[in-house]
Structures are given as structure tokens and as C-alpha cells.
Amino acid sequence: MLINFRFENFLSYKNLTDFSMIASKVRSHRKYTRNIDGNLSILNFSAIYGANASGKSNFISALNFAKTFILSTRKELRQNLLKDSYFKADEEFKLKDTKFEFDFLFLETIYTYGFSINLYNFELKEEWLYRQTEGEDIEIFNLDYSKNFTIDDFPIENWNLSEEDIIRFDIYISDARKSNSLFLQYINAPERKIDTPIDVYNAYDWFMNTLELVSAEGRVAQSEEVFLRQEDTRRLSDFLHSFDTGINSIEREKIRKTDIDEIPDIRVLDSIIDRVIEVNKKEDTREIASLVRTEENIYFFSVNEEYDIIIERLYFIHDGTNAKFALRSESDGTRRLIDIYGVLNTVENKVFVIDEIDRSFHPNLTYEFIKRALENKYIQLIVTTHEDRLLDLSLLRRDQIWFVDKEDNISYLYSLEQYKVRFDKDIMKEYLNGKYGSIPNFSYLIEEG
């Protein structure tokens with residue numbers, strides 16, 4: 001679970017910005033919190049509101065930048081991330097460091113991990129990782145990239161390594177400065193892994209497998225996995241039907257390879273087919289399948305008893321007809337539901353951050369989706385939205401509602417909790433009237449006479 005995320009000097013965020021999932025002393029909806037150490041309770045959901053261009057998507061970009069930086073090498077970063085993402089409205093800030101820090105819970109342990117970098121010259125400055133034990137922060141490493149470091153600069157006694165592993169890590173650490181990545185990424189390379197689940201592996205695992213960021217046009221990873229199992233596909237069709245999409249079943253129909261015309265490069269198809277056949281033969285099974293989704297269709301690849309490839313196209317069947325509709329025939333709202341269905345379907349601990357959760361959704365659909373997400377005990381969900389129907393204290397807690405506002409080109413992030421509004425207040429009306437800020441201001445080209 002995410003506990004806190006802090007960052008500064010990134011895009012429209014000039015000052016230190018602190019986003020917290022720590023529950024306040026609000027007594028309502030206690031089922032939306034999880035107690036993790038007796039005194040600390042963490043929220044399972046937060047919604048972030050703000051006018052267009054206020055900084056909502058920049059908040060998501062900060063998370064995405066940090067995660068990508070953590071998991072990638074410098075070469076990849078130079079190709080995929082903007083170098084000049086510092087706060088550009090003030091010329092002095094190109095010389096200041098940009099900082100990111102996370103507090104998170106993984107395997108019932110609280111970690112604090114962060115790093116700083118100058119985004120103007122792309123120079124790493126510092127990196128740190130701490131584990132909380134009985135309320136005390138235990139240092140795992142705290143690196144200054146302006147200096148060379150050896151194993152003597154690490155509190156290796158806090159790593160719980162064997163004598164043999166300490167010798168191996170002495171070599172790893174001495175070579176770490178030659179890496180083009182953060183130390184956390186470097187030490188998690190497969191060739192440097194040991195069997196012991198040490199803290200540096202746990203922290204990296206959280207960023208790699210627990211924290212999932214979904215853009216406004218993106219998809220939740222688990223959403224498409226449901227098509228690999230008939231039972232899960234039936235659950236998805238029931239889910240779509242319950243949201244009044246008109247879909248009552250999802251079926252497969254065998255096709256030929258030549259029927260797939262939206263993938264022009266035949267080498268891509270041949271590679272998928274060869275891989276499915278090869279994996280099934282290697283594992284001596286005929287149950288391993290592959291799924292390919294294009295903008296127009298969803299395809300299912302499997303093998304028969306002779307290991308010949310079987311290609312099927314998925315179709316959606318609607319109420320009152322036997323006609324088969326391809327993915328391209330479905331509405332944007334239905335396709336969006338399929339894209340983020342994994343939020344509701346997951347049965348593992350995940351942190352989902354979704355930009356514009358309400359894109360292509362009817363207000364009632366957004367409300368119902370969030371309502372169901374709140375019931376999934378495995379997930380923590382953070383969304384940006386314009387959907388004011390969620391501003392309902394019968395649905396959410398005050399501390400689950402956040403706002404972003406911009407003044408003098410600077411974005412500010414703040415919680416409804418600081419207003420201490422009564423639970424019987426119509427906060428939707430007050431928000432639209434501008435009481436909490438973060439709403440658009442309009443100007444007109446034609447002045448009144």
C-alpha cells in the first residue's frame with residue numbers, strides 16, 4: 001500500500017508536495033481504512049479533483065517519472081523521459097534538484113525510498129532506502145552520488161546477509177558507480193540476485209509489481225487476462241451486463257491467420273504463433289494460450305492435440321440478438337470498462353493509480369465503479385476525476401478527497417480534510433461554487449457593452 005508520496009521541482013509543482021493516504025481521525029466509513037501498526041491507518045481510495053491544466057495529470061506524471069526512473073537504466077530514461085521536466089516557470093529551478101520519496105507497505109513492512117536528481121543536466125544526486133522496525137527507521141543505504149562508495153558506506157549489518165553473501169555484495173557495490181541506473185535498479189539485476197528476500201529486493205518488487213499506473217488512454221494489466229479463462233470471461237460478461245452495456249455473453253470464433261488484417265506485419269503474427277507452439281511443446285501441455293488485442297479486435301491463440309495453432313476472435317453478444325460484435329463495434333464506455341476491469345477483478349495486493357477514471361463514463365457508471373472498487377479488500381485505488389457525483393460524504397470520507405489548484409503557474413495539492421466540513425454538507429454544490437478552489441475560471445473575448 002502507498003502511505004505517502006512526496007516530490008518537488010517537477011513540471012508545475014514548484015514546492016514540496018505531500019500526498020498522503022494516511023487516514024485522519026474521521027469516524028465515517030472505517031471499512032475504507034486498514035490499520036497497519038496499531039496507530040497508523042491507511043486509506044484504500046482517494047479521488048483528486050481539479051480544473052483542466054491545474055496539475056492533476058502532472059501529479060500522475062510525477063509518479064510515472066519516478067517509477068520509470070527507478071526501474072530503468074539511464075539509456076532507456078534518456079529515450080523515454082523528458083530531460084527538462086523541472087519547474088520551468090522560474091529560471092533558477094533548472095539548477096535545483098528534483099526529489100521524489102515514497103513511504104509504502106510491502107510484506108507487512110514499511111519502507112521509505114527516495115532519490116534526487118538534477119533534471120537540467122540529468123545528474124543523479126542522492127538515493128536512500130529505510131525500513132521501519134518497531135517505530136524506528138533502519139537505514140539500508142543512503143548514497144551521495146558525488147562520491148565513490150564502497151561496502152563500508154553501507155550499514156551492511158542491517159541487510160541480514162550471510163558471510164558468503166557479504167563477500168558477493170562487496171564486489172557488487174564496488175562496481176555500482178559504473179552503472180547507468182539507480183542503485184536499487186542495479187542491485188536487482190538477475191545476475192546479482194540471491195535467494196534471501198532482502199529489503200532491496202522487496203522495495204524494487206513493490207515498484208515493479210504492486211504499483212500500477214494507468215494513463216487516461218491506458219489499460220489495467222490484469223484486465224485482459226480474463227479472456228484467457230472461460231470462467232473469468234463469463235464473469236466479465238456478467239460485469240458488463242450489470243453496467244447496462246447490453247452485453248450478455250462473450251464468445252470465441254475460429255478464424256484463419258489471413259483473416260487478421262489489422263496487423264500488417266506477418267512476421268509479428270508468425271512470432272506469436274511460433275511462441276505459443278514452442279512453449280506448449282516445452283511444457284508438454286496444450287493449455288498455455290496467448291492473447292493479442294488490437295484497436296479493433298481481441299484474438300486468442302492456442303494449440304490442438306497435434307500442436308497446430310488455433311486462432312479465435314472474441315465477439316460480444318448483446319441482449320435480444322444473436323449477432324456477434326467485434327471490439328471495434330463497442331462504445332468507448334464499454335471499451336473503457338474492459339480496460340480497467342482488472343481493478344475489480346484482482347485478488348492480489350495492488351496499488352492502482354488511474355488518470356481520468358471517468359473518461360467515456362456516464363456519471364452513474366463512474367459512481368458505481370468506484371462503489372464496487374471500494375469493496376475490493378486487496379486493492380488501493382487513486383484516481384483523478386472531474387466526476388462531481390463522487391463528492392458525496394455518504395460514499396467517501398473527507399480525507400479521501402483531494403484538490404489541485406494552480407496559482408502563478410504553481411500547482412498546489414491539498415485535502416478536503418483541511419476544511420473540516422460537516423458530514424451533512426453538500427460538498428458537491430460547494431465545490432462547484434468554488435469554495436474549495438480547483439475549478440476553471442472563464443474569460444470572454446467579447447466584453448459586455
Side-chain angles (χ1 to χ4, degrees), residues 190 208-209 212 214 217-243 245-319 321-348 350 352 376 378-379:
M208 174 67 77
N209 298 310
E212 182 169 348
V214 183
E217 305 293 332
R219 306 167 187 164
V220 171
Q222 294 95 328
S223 295
E224 295 179 354
E225 294 179 2
V226 299
F227 296 110
L228 296 174
R229 297 174 293 275
Q230 289 283 12
E231 182 179 351
D232 287 342
T233 303
R234 284 193 295 271
R235 289 197 187 100
L236 174 60
S237 64
D238 291 341
F239 164 78
L240 294 173
H241 192 269
S242 72
F243 273 83
T245 62
I247 294 172
N248 60 39
S249 64
I250 302 172
E251 297 182 1
R252 300 177 189 164
E253 183 178 271
K254 290 184 180 179
I255 62 170
R256 299 167 298 178
K257 183 172 72 172
T258 53
D259 293 328
I260 304 176
D261 55 12
E262 71 264 39
I263 304 178
D265 191 342
I266 193 66
R267 293 172 298 179
V268 174
L269 273 178
D270 288 340
S271 175
I272 296 168
I273 291 169
D274 292 343
R275 187 170 65 249
V276 172
I277 294 173
E278 179 184 351
V279 171
N280 275 285
K281 284 183 176 180
K282 182 178 180 180
E283 299 296 329
D284 191 24
T285 181
R286 293 161 185 82
E287 297 180 357
I288 300 174
S290 181
L291 195 76
V292 174
R293 175 173 170 177
T294 70
E295 288 301 313
E296 299 185 0
N297 289 289
I298 300 173
Y299 297 100
F300 189 85
F301 294 80
S302 59
V303 296
N304 62 17
E305 290 296 319
E306 288 74 36
Y307 292 106
D308 297 322
I309 197 70
I310 299 173
I311 305 176
E312 297 169 288
R313 182 182 283 140
L314 272 71
Y315 290 98
F316 300 88
I317 314 300
H318 286 247
D319 293 326
T321 179
N322 292 322
K324 298 178 179 179
F325 296 90
L327 178 66
R328 63 175 173 267
S329 301
E330 297 300 330
S331 69
D332 288 343
T334 296
R335 295 171 69 159
R336 177 67 166 167
L337 274 174
I338 294 171
D339 288 344
I340 62 175
Y341 173 64
V343 169
L344 305 183
N345 189 53
T346 188
V347 291
E348 57 186 16
K350 293 282 291 186
F352 294 107
N376 188 338
Y378 294 102
I379 69 166

>> Quick check for you: to the nearest 0.5 Å, what is the distance between Ile277 atom CD1 and Ser290 atom OG?
In response: 12.0 Å
>> Distance check, rounded to the nearest 0.5 Å: Ile338 atom CD1 versus Leu327 atom CG?
In response: 5.5 Å
> Are Arg286 and Tyr307 in a cation-pi contact, defined as NZ or CZ under 6.0 Å from the six-membered ring centre and within 45° of the axis?
Replying inline: yes
Identify every side-chain donor-acceptor pair in residues 249-256 under 3.5 Å, counting partners at least two apart or on other chains, and give the distances.
unit_1 : atom_1 : unit_2 : atom_2 : d
Arg252 : NH2    : Phe227 : O      : 3.1
Glu253 : OE1    : Lys324 : NZ     : 2.8
Arg256 : NH2    : Asp259 : OD1    : 3.3

Keeping [X] on the side-chain end and [Y] on the backbone end, is there a donor-acceptor pair under 3.5 Å?
{"X": "Thr245", "Y": "Thr334", "result": "no"}
{"X": "Glu212", "Y": "Ala221", "result": "yes"}
{"X": "Ser237", "Y": "Arg234", "result": "yes"}
{"X": "Asn280", "Y": "Val276", "result": "yes"}
{"X": "Asn248", "Y": "His241", "result": "no"}
{"X": "Thr346", "Y": "Val343", "result": "no"}
{"X": "Lys350", "Y": "Asn209", "result": "yes"}

> Would a 4.5 Å heavy-atom cut-off, applied to side chains only, mark Ile298 and Val292 as touching?
Replying inline: no
>> For a 4.5 angstrom cut-off between non-hydrogen side-chain atoms, does Phe325 reach His318?
In response: yes
> Thinking salt bridges, do Arg335 and Glu295 make one under a 4.0 Å N-O criterion?
Replying inline: yes
> Between Asp339 and Arg336, is there a side-chain N and carboxylate O pair less than 4.0 Å apart?
Replying inline: no
> Sequence neighbours excluded, which residues qualify as side chain to side chain contact (heavy atoms under 4.5 Å, CB included) partners of Glu278?
Replying inline: none
> Under 6.0 Å from the CD atom of Glu348, do we count more than 12 heavy atoms belonging to anything else shown?
Replying inline: yes
> What heavy-atom pair brings Tyr299 and Asn297 nearest, and what distance separates the two atoms?
Replying inline: OH-ND2, 3.3 Å
